[in-house]
Structures are given as structure tokens and as C-alpha cells.
Amino acid sequence: QVQLVESGGGLVQPGGSLRLSCAASAFTLDYYIIGWFRQAPGKEREGVSCISNSDGTTYYADSVKGRFTISRDNAKETVYLQMNSLKPEDTAVYYCAAVSIWAVAGRPLAADRYDYWGQGTQVTVSS
């Protein structure tokens, strides 16, 4: 069983920064990826970034590359998403998710391949 809880969302002005946290518990996967996804009203859920618990390999969507940084603290079983230079189009509910690395080979940001999901945290970028 895997449980994920997101936190850190809020309201921030364009150009501002925010750090999201994803706390995991009861992790039963040995080799897995934790990813961040977001969904804005009327839009499909899209992959933002993900990180492997095995070697720390990271992936980023082109839309956030250079602005967002994903990191992990294995001891705390927590994954962070540092979001800088935020834009209004970053506004969405952000979810963290987990899946066995084997299930997403070649497609690490494919939302439909992830098995476990958190409740989401709202990020609003507005002036």
C-alpha cells in the first residue's frame, strides 16, 4: 500500500516561487518513481516532473524545464517540487503520484501509468 499527501500549495504572484512537498507512507515499491502532475480546469492531467528513488534520475516537462526542480529526501520519504518563475499558466491542482519504475519505462511522465495518487494541492499564480 502506498499513501501520498501533497502540501505547500497556495497563491503566489507571477514570477514568484513555491515549494510543494509529497510525503509518502507505507511504501511497498522497491524501485519506483514519484511524479508531480497538474490539472487545470478543462484540461487533461499533465506530467510535470518525476524522480526515481533508485538513482535520483529526474525528468521534466518542457513547459517547466529550467524553472522547476524536483528533489527527494529518502529518509523522510518526501519528494519536493521547487517551483520558480511561476506563470499564470502554472495554475492548477498539483498531484504527486507513484508507480513502479517498470511500469513507466520510456514514458516517465505518462499519468495513466501511475498507480498511486495523492489528494492534490492547489497552486494559483495570479496578480
Side-chain angles (χ1 to χ4, degrees):
Q1 183 180 11
V2 176
Q3 293 181 309
L4 306 168
V5 179
E6 306 95 335
S7 63
L11 175 65
V12 64
Q13 295 184 356
S17 298
L18 208 59
R19 188 176 77 159
L20 305 183
S21 299
C22 175
S25 63
F27 241 94
T28 60
L29 302 175
D30 292 324
Y31 296 94
Y32 61 90
I33 282 180
I34 291 182
W36 284 99
F37 298 81
R38 64 187 183 187
Q39 187 165 26
K43 293 188 176 181
E44 294 291 313
R45 187 168 298 185
E46 64 173 338
V48 175
S49 182
C50 65
I51 187 168
S52 169
N53 82 314
S54 178
D55 59 7
T57 298
T58 60
Y59 302 87
Y60 296 93
D62 289 340
S63 60
V64 306
K65 196 171 299 180
R67 298 188 298 121
F68 291 9
T69 302
I70 192 169
S71 62
R72 64 175 182 172
D73 185 333
N74 286 345
K76 295 182 178 181
E77 293 188 299
T78 300
V79 171
Y80 305 96
L81 183 67
Q82 179 66 45
M83 305 184 294
N84 298 325
S85 302
L86 284 163
K87 306 174 181 179
E89 47 264 50
D90 294 318
T91 296
V93 176
Y94 283 70
Y95 301 88
C96 63
V99 70
S100 168
I101 182 64
W102 322 117
V104 295
R107 299 182 64 205
L109 292 178
D112 60 359
R113 309 295 287 275
Y114 282 69
D115 296 319
Y116 309 99
W117 293 83
Q119 299 179 58
T121 184
Q122 177 71 48
V123 171
T124 302
V125 185
S126 176
S127 59

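- At most 12 non-hydrogen atoms from other residues, nucleotides or ligands lie less than 6.0 angstrom from CD of Q119.
- For CD of E89, the number of neighbouring non-hydrogen atoms (other residues, nucleotides, ligands) closer than 6.0 Å is greater than 12.
- Within the 4.5 Å cutoff, the side chain of D90 has no heavy atoms near those of the M83 side chain.
- Residues L4 and A24 come closest through the heavy atom pair CD2-CB, 3.6 Å.
- The CZ atom of F68 sits 4.0 Å away from the OH atom of Y94 when rounded to the nearest 0.5 Å.
- Screening residues 34-95 for disulfide (SG to SG under 2.5 Å), with sequence neighbours left out, gives no hits.
- D62 meets the side-chain contact (heavy atoms from CB on, under 4.5 Å) test with K65; sequence neighbours excluded.
- In this structure, the side-chain contact (heavy atoms from CB on, under 4.5 Å) partners of R72, at least two apart in sequence or on a different chain, are I51, N53, N74, V79.
- Taking the side chain as every heavy atom from C-beta outward, R107 and D112 approach each other to under 4.5 Å.
- Rounding to the nearest 0.5 angstrom, the gap separating the CD atom in Q82 from the CD1 atom in I70 is 12.0 Å.
- The structure places CD1 of I34 at 8.5 Å from OG1 of T78, a figure rounded to the nearest 0.5 Å.
- Minimum interatomic distance between V12 and L86 (heavy atoms only, all atoms of both residues): CG1-CD1, 3.4 Å.
- Y116 and V5 are members of different hydrophobic clusters when ILVMFWY side chains are connected at heavy-atom separations under 4.5 Å.
- A distance of 9.0 Å separates CZ of R38 from OG1 of T91, quoted to the nearest 0.5 Å.
- Closest non-hydrogen pair, G47 versus A61, comes out as O-CB, 3.3 Å.
- When all heavy atoms are compared, the tightest approach of I33 to P108 is CD1-CB, 4.4 Å.
- Using cut-offs of 30° and 60° for the angle between ring planes, the F37 and W117 rings count as tilted.
- With hydrophobic clusters built from ILVMFWY side chains whose heavy atoms lie under 4.5 angstrom apart, Y60 does not share a cluster with L109.
- Minimum interatomic distance between R113 and A103 (heavy atoms only, all atoms of both residues): NH2-O, 2.7 Å.
- We find the OG-CD1 distance between S54 and I101 to be 8.0 Å, quoted to the nearest 0.5 Å.
- Counting all heavy atoms, side chain and backbone alike, S85 lies closest to S17 at N-OG, 4.4 Å.
- At least one donor-acceptor pair under 3.5 Å links the side chain of S49 to the backbone N or O of Y59.
- Of the options C22, S71, C96, a side chain to side chain contact (heavy atoms under 4.5 Å, CB included) to Y80 is made by S71 and by none of the others.
- Here the straight-line distance linking atom CD of E46 with atom CD of Q39 works out to 9.5 Å at 0.5 Å rounding.
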